[in-house]
A.B. asks: 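This structure is in structure tokens; I'll ask about it shortly.
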Amino acid sequence: MPNSPQNLRTTQTNQRGSYEQKNLRLCHNPAWRHYAGRMRQFRLYQLCIIQQLINYTVQYAKKSSSTKQSSSSLEQSASSSSNSSAKASSTAKTTKVDDKTAGVMLMLLVEPDYLKQYIGNDYFCYSPAGENPISDATADYSYLTANGDPTSFLYYKVDGNTVTYKMWVISDEGSVSDGHFETKTVSLSTLENDYYVTQSQKDEVNSYVSQLKSESDYLNQNK
């Protein structure tokens with residue numbers, strides 16, 4: 001015959017009481033308390049191991065990232081040093097060229113066709129600064145000229161690595177007499193790097209220099 005609801009409740013109550021009594025007995029059992037304590041220690045040990053593994057992983061990740069950054073910096077530094085060395089080796093060192101040679105290199109920059117067309121003629125001349133002053137504006141300038149109108153003169157002076165030069169520019173209406181001086185600068189090292197590096201370049205420049213006539217001689221002969 002099935003149990004009535006009242007009997008079931010009574011049975012469940014008795015079972016709970018039995019379990020509680022059993023658990024109470026276990027709690028007061030020294031062996032059980034020792035076992036529970038060991039289990040707590042073991043769990044704490046597991047947590048410590050897990051925390052150490054986490055710390056080690058974080059430290060390894062940071063170290064790996066730092067190593068990669070350091071390696072990248074070294075590579076960039078080496079690349080920069082290599083590029084600087086290559087650039088330095090491809091750039092000519094500034095040599096001590098004389099004033100006349102500087103003037104020829106300057107004319108190769110600003111009027112190369114004019115130089116090549118008239119060099120070698122008796123009227124294509126060089127004048128050092130102050131020897132044959134034409135005006136106060138150019139009194140301390142050397143010049144190269146084919147002795148034509150004012151546009152045929154290239155005035156220049158070398159000050160260390162800076163070359164300052166003047167050229168006469170005609171007016172907008174095409175008038176030479178109404179023109180004006182235009183002043184510019186260029187570095188001597190730039191001229192040398194462009195026109196005085198290889199032996200063939202040096203031979204060409206030196207050939208032009210050797211063909212320049214003296215402006216003083218030309219003026220004396222044509223008084």
Side-chain angles (χ1 to χ4, degrees), residues 84-223:
S84 297
S85 298
K87 184 176 181 180
S89 64
S90 64
T91 303
K93 294 181 179 179
T94 301
T95 59
K96 185 64 177 179
V97 297
D98 60 23
D99 189 67
K100 192 182 293 187
T101 303
V104 167
M105 291 191 297
L106 178 61
M107 186 158 277
L108 283 171
L109 173 67
V110 298
E111 291 285 358
D113 295 336
Y114 185 83
L115 171 68
K116 295 174 184 180
Q117 180 178 354
Y118 294 109
I119 191 71
N121 288 291
D122 293 339
Y123 51 80
F124 198 96
C125 305
Y126 160 78
S127 178
E131 188 170 294
N132 301 287
I134 296 176
S135 69
D136 292 340
T138 59
D140 58 343
Y141 283 71
S142 301
Y143 63 83
L144 300 180
T145 181
N147 283 290
D149 64 27
T151 62
S152 68
F153 287 76
L154 173 62
Y155 302 93
Y156 66 95
K157 63 179 177 180
V158 180
D159 182 13
N161 191 45
T162 302
V163 181
T164 304
Y165 61 97
K166 293 177 179 287
M167 298 180 69
W168 189 260
V169 180
I170 63 176
S171 68
D172 293 338
E173 292 75 23
S175 172
V176 174
S177 60
D178 293 332
H180 63 278
F181 274 121
E182 189 175 79
T183 304
K184 296 182 180 181
T185 60
V186 65
S187 67
L188 183 59
S189 58
T190 295
L191 294 176
E192 291 185 332
N193 290 336
D194 291 343
Y195 304 108
Y196 212 70
V197 177
T198 67
Q199 190 58 50
S200 61
Q201 287 177 320
K202 292 179 180 180
D203 290 343
E204 180 183 10
V205 170
N206 293 337
S207 174
Y208 296 147
V209 171
S210 67
Q211 296 179 67
L212 289 172
K213 311 303 181 183
S214 166
E215 178 72 348
S216 294
D217 291 345
Y218 173 81
L219 294 176
N220 290 331
Q221 292 170 8
N222 293 274
K223 284 182 178 180

A.B. asks: About how many Å separate CG of Asp172 and OG of Ser175, when rounded to the nearest 0.5 Å?
C.D. replies: 10.5 Å
A.B. asks: Is atom CG of Asp136 surrounded by more than 12 heavy atoms (other residues, nucleotides or ligands) closer than 6.0 Å?
C.D. replies: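 No, because the 6.0 Å sphere around CG of Asp136 holds 12 heavy atoms or fewer from other groups.
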A.B. asks: Under a 4.5 Å cut-off applied to non-hydrogen side-chain atoms, are Leu108 and Lys116 in contact?
C.D. replies: yes
A.B. asks: Does either side chain, that of Asp98 or that of Thr101, offer a donor lying less than 3.5 Å from an acceptor on the other one?
C.D. replies: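 Yes, a side-chain donor-acceptor pair sits under 3.5 Å.
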A.B. asks: Evaluate the side-chain proximity of Val97 to Met105: yes if any heavy-atom separation is below 4.5 Å, no if none is.
C.D. replies: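 Met105 vs Val97: side chains touch.
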A.B. asks: Work out which heavy atom in Gly103 is nearest to a heavy atom in Leu154; give both atom names and the distance.
C.D. replies: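 Heavy atoms only, the tightest pair is O-CD2, 4.4 Å.
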A.B. asks: Would you check if the side chain of Thr145 reaches a backbone N or O of Ser152 as a donor-acceptor pair within less than 3.5 Å?
C.D. replies: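 Looks like yes, one N/O pair under 3.5 Å.
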A.B. asks: Working to the nearest 0.5 Å, report the span between CG of Asn193 and OG of Ser187.
C.D. replies: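 These two atoms lie 7.5 Å from each other.
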A.B. asks: Quick one: closest heavy-atom pair of Ser210 and Ser207, and the distance?
C.D. replies: OG-O, 2.7 Å
A.B. asks: Nearest 0.5 angstrom please: Ser127 OG to Leu212 CG, how far?
C.D. replies: 11.5 Å
A.B. asks: Say you draw a straight line from CD of Glu215 to CZ of Phe124; how long is it, rounded to the nearest 0.5 Å?
C.D. replies: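 Going from the CD atom of Glu215 to the CZ atom of Phe124 covers 11.0 Å.
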A.B. asks: Where do Lys213 and Gly120 come nearest, in terms of heavy atoms and distance?
C.D. replies: CE-O, 3.9 Å
A.B. asks: Glu182: what forms a salt bridge (charged side-chain N to carboxylate O under 4.0 Å, His left out) with it, not counting sequence neighbours?
C.D. replies: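 Per chain and number, Glu182 pairs via salt bridge (charged side-chain N to carboxylate O under 4.0 Å, His left out) with Lys184.
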A.B. asks: Exactly one of Ser142, Ser216, Ser214 should register a side chain to side chain contact (heavy atoms under 4.5 Å, CB included) with Asn132. Which one does?
C.D. replies: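 By the side chain to side chain contact (heavy atoms under 4.5 Å, CB included) criterion, Asn132 pairs with just one of Ser142, Ser216, Ser214: Ser216.
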A.B. asks: Mind listing the closest non-hydrogen atom pair of Ala137 and Lys166 along with its distance?
C.D. replies: O-CE, 3.5 Å
A.B. asks: Can you list the residues that meet the side-chain hydrogen bond (donor to acceptor under 3.5 Å, both in side chains) rule with Tyr208, with sequence neighbours excluded?
C.D. replies: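 Applying side-chain hydrogen bond (donor to acceptor under 3.5 Å, both in side chains) to Tyr208 gives Glu204.
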A.B. asks: Return each pair, listed once, that meets ring-ring contact (aromatic ring centres under 6.0 Å, His included) where at least one residue sits in residues 152-171; pairs must be two or more places apart or across chains.
C.D. replies: Tyr143-Phe153, Tyr143-Tyr155, Phe153-Tyr155, Tyr155-Phe181, Trp168-Phe181
A.B. asks: Can you spot which of Thr162, Asp140, Asp99 makes a side-chain hydrogen bond (donor to acceptor under 3.5 Å, both in side chains) with Lys157?
C.D. replies: Asp140
A.B. asks: Working to the nearest 0.5 Å, report the span between CG of Asp113 and CE of Met107.
C.D. replies: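 Here the rounded value is 11.5 Å.
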A.B. asks: Within a strict 4.5 Å, meaning less than it, do heavy atoms of the Tyr126 and Lys100 side chains meet?
C.D. replies: yes
A.B. asks: Hey, does Thr164 have a side-chain heavy atom less than 4.5 Å from the side chain of Asp159?
C.D. replies: no
A.B. asks: Quick one: side-chain hydrogen bond (donor to acceptor under 3.5 Å, both in side chains) partners of Asn206, sequence neighbours excluded?
C.D. replies: Tyr196
A.B. asks: Would you say the side-chain atoms of Thr138 pair up with the backbone N or O of Tyr141, donor to acceptor, closer than 3.5 Å?
C.D. replies: no
A.B. asks: If you compare all heavy atoms of Leu191 against all heavy atoms of Leu109, which two are closest, and at what distance to 0.1 Å?
C.D. replies: CD2-CD2, 3.9 Å
A.B. asks: Is there a donor-acceptor contact under 3.5 Å from the side chain of Asn161 to the main chain of Ser189?
C.D. replies: yes
A.B. asks: Mind checking what makes side-chain hydrogen bond (donor to acceptor under 3.5 Å, both in side chains) contact with Asp194, not counting sequence neighbours?
C.D. replies: none
A.B. asks: Is the side chain of Asn121 donor-acceptor paired with the backbone N or O of Tyr123 at a distance under 3.5 Å, no angle test?
C.D. replies: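 Side chain of Asn121 to backbone of Tyr123, a donor-acceptor pair under 3.5 Å: no, none is there.
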A.B. asks: Could you pull out all residues at least two apart from Tyr118 that satisfy ring pair (Phe, Tyr, Trp, His ring centres under 6.0 Å)?
C.D. replies: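 Result, ring pair (Phe, Tyr, Trp, His ring centres under 6.0 Å) vs Tyr118: Tyr114.
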